[in-house]
Amino acid sequence: MELRETIESINEKLLEEYGTEFGNASKFRIVFSEDQYEKRWTDRTDDGFELIHPEVRLLPKYKQYIRDKYILERLVPVGEEAIY
């Protein structure tokens with residue numbers, strides 16, 4: 001899928017329109033589902049074997065259930081910083 005504008009230019013417009021939160025982290029951004037990874041607690045290896053003790057691993061954020069799509073992400077406060 002080809003965009004009319006680059007992701008970078010769209011993200012700049014989102015930053016100008018909606019600003020930042022927690023320093024200079026943009027409140028909204030566009031990402032591609034195949035490129036996003038996050039650190040998560042898991043009890044499985046990459047091959048699906050169960051671990052004795054859970055560990056933090058770098059895992060795909062969207063790729064396993066959203067394929068080849070652009071996603072609008074919103075920054076959400078977590079932990080002590082959350083006010084909601």
**OP:** Using the test side chain to side chain contact (heavy atoms under 4.5 Å, CB included), find all partners of Asn24 that sit at least two apart in sequence or belong to another chain.
**Re:** none
**OP:** Just do the side-chain contact (heavy atoms from CB on, under 4.5 Å) check on Leu75 and Phe28 with the steps written out, would you?
**Re:** CA-CA 6 Å; Leu75 181 63; Phe28 294 96; over 6 Å; no
Original post:
Quick one: does Thr20's side chain have a donor or acceptor within less than 3.5 Å of a partner on Ser26's backbone?
Top reply: no
Original post:
How would you list, by chain and number, every residue that makes a salt bridge (Lys or Arg N to Asp or Glu O under 4.0 Å) with Lys13, sequence neighbours excluded?
Top reply: Glu5
**OP:** List, by chain and then residue number, the residues other than Ile66 in its hydrophobic cluster (Ile/Leu/Val/Met/Phe/Trp/Tyr, side-chain heavy atoms under 4.5 Å); write none if there are no others.
**Re:** Val31, Tyr62, Tyr65, Ile71
Subject >> Set of side-chain hydrogen bond (donor to acceptor under 3.5 Å, both in side chains) partners for Lys27, sequence neighbours left out >> reply: none
**OP:** List the steps, then state whether side-chain contact (heavy atoms from CB on, under 4.5 Å) holds for Lys63 with Gln36.
**Re:** CA-CA 8 Å; Lys63 188 161 71 170; Gln36 297 301 303; over 6 Å; no
Subject >> Side-chain hydrophobic cluster, 4.5 Å single linkage: members besides Leu51 >> reply: none
Original post:
Under the 3.5 angstrom rule, does the side chain of Glu34 hit a backbone N or O of Asp68 as a donor-acceptor pair?
Top reply: yes
Original post:
ring-ring contact (aromatic ring centres under 6.0 Å, His included): which pairs involve residues 31-57, sequence neighbours left out?
Top reply: Phe32-Tyr70
**OP:** Please identify each residue that fulfils side chain to side chain contact (heavy atoms under 4.5 Å, CB included) with Glu17, with sequence neighbours left out.
**Re:** none
**OP:** For Glu38, enumerate each residue passing the side chain to side chain contact (heavy atoms under 4.5 Å, CB included) test, keeping only those at least two apart in sequence or located in another chain.
**Re:** Arg40, Lys61
**OP:** Just jot down the side chain to side chain contact (heavy atoms under 4.5 Å, CB included) partners of Asn11, sequence neighbours excluded, or say none.
**Re:** Ile7, Leu14, Arg29, Ile30
**OP:** Taking side-chain hydrogen bond (donor to acceptor under 3.5 Å, both in side chains) as the test, write out the residues that go with Thr45, two or more places apart.
**Re:** none
Subject >> side-chain hydrogen bond (donor to acceptor under 3.5 Å, both in side chains) partners of Arg57, counting only residues at least two apart >> reply: Asp46, Glu55
